[in-house]
Amino acid sequence: MAIAIVLMGPMGCGKTTVGRKLSKETGWGFIEGDDYHPEANVAKMAAGIPLTDEDREPWLLALHDCLTEKLARNETCILACSALKQSYRNLLGVDQNRIFTVYLHGTHDIIKQRLGLRKHRYMNDSLLESQIATLEQPTEGMRISIDIPPQQIVQKIIHQFADKT
């Protein structure tokens, strides 16, 4: 049975890095959630303006449709998406039965340090504070600290989901 894994957490927690490594190691498809933002959202974020729930809704629905299509084709996939609120995870279809969350969590200091080491094509680093303020930590799904190397995170995810795919 195909599943979808939503790698979630605020910017800088390693969703894309882990997602790409996990995809390479398993052959599961990788979806970069940032690629699905409408241009208006991209412009706001580039200007350092936090998105509202209304801004995020069409983006999340597009990602839901993408996940639904992959699962309908029996393709296991990985989605890198902040999915900061429970309501966002609901829009994505997260049910912890077929669409699972893996929350990549870390301290503010670790995330801030990582942001200083990367260059995102449009995300303004000043958005970290609004993302942390918006974050509703999930009470279900897998939770992994980002204070270990990405390859160890990948191995933990593979071990957790090996029997589900």
Side-chain angles (χ1 to χ4, degrees), residues 1-37 56 59-121 123 125 127-128 131-165:
M1 175 177 82
I3 63 168
I5 297 170
V6 178
L7 297 172
M8 59 154 295
M11 60 189 293
C13 70
K15 298 178 295 287
T16 299
T17 299
V18 170
R20 287 185 176 142
K21 286 180 179 295
L22 182 60
S23 177
K24 185 175 181 182
E25 186 137 340
T26 62
W28 301 337
F30 176 66
I31 303 161
E32 173 55 73
D34 287 344
D35 294 343
Y36 287 76
H37 273 294
R56 286 184 176 99
W59 170 64
L60 292 164
L61 291 173
L63 291 172
H64 172 267
D65 291 347
C66 185
L67 291 177
T68 301
E69 289 170 16
K70 297 273 189 194
L71 292 174
R73 291 193 305 260
N74 204 35
E75 296 175 19
T76 291
C77 60
I78 306 148
L79 168 63
C81 173
S82 55
L84 298 170
K85 288 184 177 181
Q86 182 60 47
S87 61
Y88 304 166
R89 296 186 287 273
N90 292 343
L91 281 174
L92 289 171
V94 171
D95 59 8
Q96 306 302 344
N97 292 308
R98 190 134 191 235
I99 302 176
F100 299 88
T101 52
V102 174
Y103 172 37
L104 302 176
H105 70 91
T107 66
H108 183 275
D109 289 342
I110 289 174
I111 293 172
K112 189 94 169 153
Q113 178 184 18
R114 287 183 177 191
L115 288 176
L117 299 173
R118 74 165 199 179
K119 178 91 174 128
H120 191 279
R121 63 186 189 274
M123 286 291 288
D125 291 355
L127 294 172
L128 177 60
Q131 287 203 345
I132 289 174
T134 301
L135 178 64
E136 296 172 358
Q137 294 192 31
T139 58
E140 297 181 310
M142 190 175 186
R143 179 182 173 106
I144 303 177
S145 174
I146 62 170
D147 63 358
I148 60 175
Q151 191 58 41
Q152 286 182 13
I153 294 172
V154 167
Q155 291 308 311
K156 285 179 178 256
I157 295 169
I158 290 170
H159 180 74
Q160 177 75 19
F161 293 103
D163 65 334
K164 296 186 183 335
T165 58

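The analysis underlying the following values was restricted to heavy atoms, covering all of them including side chains, and did not include hydrogens, waters or symmetry mates.
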Is it the case that the side chain of [X] and the backbone of [Y] share a donor-acceptor pair, with hydrogens and angles ignored and the cut-off at 3.5 Å?
X    : Y    : value
T68  : H64  : yes
T101 : Y103 : no
R56  : A83  : no

Task: CA sep, side-chain torsions, deciding dist, call: V18, K21, side chain to side chain contact (heavy atoms under 4.5 Å, CB included) - done: CA-CA 5 Å; V18 170; K21 286 180 179 295; 5.8 Å; no
Between [Y] and [X], is there a side-chain heavy-atom distance shorter than 4.5 Å?
X    : Y    : answer
W59  : L63  : yes
L84  : R89  : no
V6   : F100 : no
Q151 : E25  : yes
I3   : M1   : yes
V102 : Q160 : no
E69  : E75  : no
T17  : R20  : no

With rounding to the nearest 0.5 angstrom, report the [atom1] to [atom2] distance, [X] to [Y].
X    : Y    : atom1 : atom2 : result
I111 : I132 : CD1   : CD1   : 5.5 Å
I5   : I99  : CD1   : CD1   : 11.5 Å
S82  : L7   : OG    : CG    : 12.0 Å
Q152 : I146 : CD    : CD1   : 13.5 Å
Y36  : C81  : OH    : SG    : 11.5 Å
T76  : K70  : OG1   : NZ    : 11.0 Å

Task: Distance-minimising heavy-atom pair for K15 and F30 - done: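 Closest heavy-atom pair between K15 and F30: O-CE1, 4.5 Å.
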Task: Smallest separation among heavy atoms of S23 and G29, with atom names - done: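 Shortest heavy-atom contact: OG-C, 4.1 Å.
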May I have the list of side-chain donor-acceptor pairs in residues 135-143 shorter than 3.5 Å, sequence neighbours left out?
residue: E136; atom: OE1; partner: Q86; partner atom: N; Å: 2.9
residue: Q137; atom: OE1; partner: R143; partner atom: NH1; Å: 2.8
residue: Q137; atom: OE1; partner: R143; partner atom: NH2; Å: 3.4
residue: R143; atom: NE; partner: H105; partner atom: NE2; Å: 3.3

TODO: Determine, stepwise, if the pair L128 / H108 fulfils side chain to side chain contact (heavy atoms under 4.5 Å, CB included).
DONE: CA-CA 9 Å; L128 177 60; H108 183 275; 4.1 Å; yes
Open item on the list: Can you see whether T107 engages D109 through a side-chain donor-acceptor pair at a distance of less than 3.5 angstrom?
Closed with: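 Their side chains do not contain a donor-acceptor pair, so the 3.5 Å distance test is not met.
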- [ ] Under the side chain to side chain contact (heavy atoms under 4.5 Å, CB included) rule, what do T134 and K85 come out as? Steps first, then yes or no, please.
- [x] CA-CA 7 Å; T134 301; K85 288 184 177 181; 3.6 Å; yes
Open item on the list: Let's go through I31 and L67 carefully: what are the C-alpha distance in whole Å and the side-chain angles of both, what is the deciding distance for side chain to side chain contact (heavy atoms under 4.5 Å, CB included) to 0.1 Å, and is it a yes or a no?
Closed with: CA-CA 9 Å; I31 303 161; L67 291 177; 4.0 Å; yes
